Structures are given as C-alpha cells and as structure tokens.
Amino acid sequence: PNVKQVATVPQGKVGEFYWSFGVSWIPYATDHVFNQLSCPSKIMDGLASGRPVLGTDIPECRLYPDWISIFHTVDEAVELIRKRLSNAASGGAKSASMEQVAFVRDKHPYLHRARQLLERLDAGDARA
C-alpha cells in the first residue's frame with residue numbers, strides 16, 4: 001500500500017509528485033542498452049526533491065555517488081530503502097537534503113544543460 005505506480009504526471013506537477021515520496025528509486029535493468037546509454041530525467045527530478053535517491057548500477061547513476069545509492073540486488077534495494085526511510089524519519093537526512101537540492105540548483109539547472117547541448121551541437125561535438 002505504500003508503493004505507488006503512476007503512469008503519467010503532468011510536467012507542472014513533477015516537483016510536487018517527487019516531494020510526496022520518502023525515497024525515489026531508479027530500478028532500471030542494467031543489461032539493457034537503452035538504459036546503459038540514457039540519461040533519465042528522473043535522476044535530476046529525484047535529486048532536486050532533496051529526498052534519498054536509489055538506483056541500479058547504470059552509468060548515469062554512477063555519475064552522482066554522493067547523491068545516489070547504487071544497489072545490485074533486490075535485498076540491497078530493500079535494505080537501502082529501509083535505511084533511508086529510517087534516517088529521514090529520525091531527522092538525520094535534513095542537512096544532506098539541503099546540500100542535495102543546492103547541488104542540483106547550482107550545478108545542474110536545465111537551462112545550463114540546454115546551453116551546453118547547444119554549444120556542443122554548434123561545435124559538432126559527437127557527445128551531443
């Protein structure tokens with residue numbers, strides 16, 4: 001009863017949606033090529049919520065070891081979820097949450113990322 005699956009969320013409600021959860025997780029299949037090459041928008045959305053973020057071992061999740069806890073098995077995921085929820089309930093995640101929000105706000109605003117993409121496209125950078 002405490003797990004929700006929602007098919008779609010209007011973009012204007014994404015922040016409110018993420019704030020309603022105690023933990024965000026990204027349980028992507030690690031052996032799927034799309035997941036290995038993608039940059040899920042839910043990473044920054046989850047981080048911007050200030051809530052703990054858990055993810056499978058896909059390359060994009062590995063870029064944020066200070067903010068995303070990686071799990072490899074179902075048992076590890078369960079343990080991390082319990083630990084993060086317990087920590088948040090005891091108030092232990094408060095300062096880390098504000099640091100996490102500041103990280104996203106200062107280092108990864110979408111406007112900044114869009115400018116980087118346009119610069120790379122203009123320069124013919126294959127990474128774009």
Side-chain angles (χ1 to χ4, degrees):
N2 64 339
V3 175
K4 295 180 185 179
Q5 178 182 359
V6 179
T8 59
V9 176
Q11 187 60 40
K13 297 276 186 185
V14 169
E16 179 183 324
F17 184 75
Y18 274 92
W19 272 102
S20 72
F21 299 120
V23 173
S24 293
W25 72 324
I26 304 165
Y28 284 12
T30 58
D31 60 349
H32 193 284
V33 174
F34 179 81
N35 296 338
Q36 293 169 359
L37 300 174
S38 72
C39 174
S41 62
K42 65 175 62 183
I43 287 177
M44 286 303 142
D45 291 338
L47 291 176
S49 75
R51 305 290 194 247
V53 178
L54 315 174
T56 50
D57 195 10
I58 61 171
E60 196 67 20
C61 286
R62 280 187 240 130
L63 294 176
Y64 309 100
D66 293 339
W67 310 116
I68 299 176
S69 298
I70 302 292
F71 61 88
H72 298 91
T73 67
V74 171
D75 290 339
E76 286 179 15
V78 169
E79 181 181 337
L80 283 169
I81 290 168
R82 285 184 176 144
K83 185 176 179 180
R84 297 304 181 267
L85 289 174
S86 174
N87 191 31
S90 67
K94 295 279 189 222
S95 62
S97 297
M98 299 322 307
E99 290 174 17
Q100 182 176 306
V101 171
F103 168 76
V104 176
R105 182 192 64 227
D106 298 341
K107 305 287 186 189
H108 289 278
Y110 287 113
L111 185 56
H112 173 70
R113 304 295 283 172
R115 284 188 189 125
Q116 282 182 323
L117 175 61
L118 290 174
E119 288 169 5
R120 288 180 179 175
L121 288 171
D122 288 343
D125 188 334
R127 294 178 299 164

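All values derive from a computational prediction rather than experimental measurement.
- In this view, Thr8 satisfies the side chain to side chain contact (heavy atoms under 4.5 Å, CB included) rule with no residue, not counting sequence neighbours.
- Leu63 and Trp67 fall within the same hydrophobic cluster, where Ile, Leu, Val, Met, Phe, Trp and Tyr residues are linked whenever their side-chain heavy atoms come under 4.5 Å apart, directly or through other members.
- Taking the side chain as every heavy atom from C-beta outward, Pro65 and Ile70 never approach each other to under 4.5 Å.
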Next item on the list: Report the C-alpha distance between Val53 and Ser69 in whole Å, list the side-chain angles of each, state the deciding distance to 0.1 Å, and finish with yes or no for side chain to side chain contact (heavy atoms under 4.5 Å, CB included).
Entry: CA-CA 6 Å; Val53 178; Ser69 298; over 6 Å; no
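- Rounded to the nearest 0.5 angstrom, Leu47 CG and Tyr18 OH are separated by 9.5 Å.
- Every residue two or more places apart in sequence or in another chain was checked for a side chain to side chain donor-acceptor pair (under 3.5 Å) with Asn35, and none qualifies.
- Residues passing the side chain to side chain donor-acceptor pair (under 3.5 Å) test with Glu119, sequence neighbours excluded: none.
- The side chain to side chain contact (heavy atoms under 4.5 Å, CB included) check on Val23 picks up Pro52, Leu54, Arg84, Leu85, with sequence neighbours excluded.
- For residues 24-42, the set of pairs meeting the salt bridge (Lys or Arg N to Asp or Glu O under 4.0 Å) definition, not counting sequence neighbours, is empty.
- Minimum interatomic distance between Gly55 and Cys61 (heavy atoms only, all atoms of both residues): CA-SG, 4.2 Å.
- In this structure, Phe21 and Arg51 have side chains that are not in contact, with every pair of non-hydrogen atoms separated by 4.5 Å or more.
- Residues that satisfy the side chain to side chain donor-acceptor pair (under 3.5 Å) test with Ser24, not counting sequence neighbours, are absent from this structure.
- Partners of Ser20 under the side chain to side chain contact (heavy atoms under 4.5 Å, CB included) rule, at least two apart in sequence or in another chain, do not exist in this structure.
- Considering only residues two or more places apart in sequence or on other chains, Pro27 meets the side chain to side chain contact (heavy atoms under 4.5 Å, CB included) condition with Trp25, Phe71.
- In the hydrophobic clustering, where aliphatic and aromatic side chains (Ile, Leu, Val, Met, Phe, Trp, Tyr) are joined below 4.5 Å either directly or transitively, Val74 groups with Val78.
- Listed by first and then second residue, the side-chain hydrogen bond (donor to acceptor under 3.5 Å, both in side chains) pairs involving residues 52-65 are Asp57-Arg62, Asp57-His72 (not counting sequence neighbours).
- When the side chain to side chain donor-acceptor pair (under 3.5 Å) test is applied to Arg115, no partner is found at least two apart in sequence or on another chain.
- A distance of 9.5 Å separates OG of Ser38 from NE2 of His32, quoted to the nearest 0.5 Å.
- For Glu79, there are no salt bridge (charged side-chain N to carboxylate O under 4.0 Å, His left out) partners at least two apart in sequence or on another chain.
- To the nearest 0.5 Å, the span separating NZ on Lys83 from CD on Glu76 amounts to 11.5 Å.
- Distance alone, capped at 3.5 Å, places no donor-acceptor pair between the Gln100 side chain and the Ala48 backbone.
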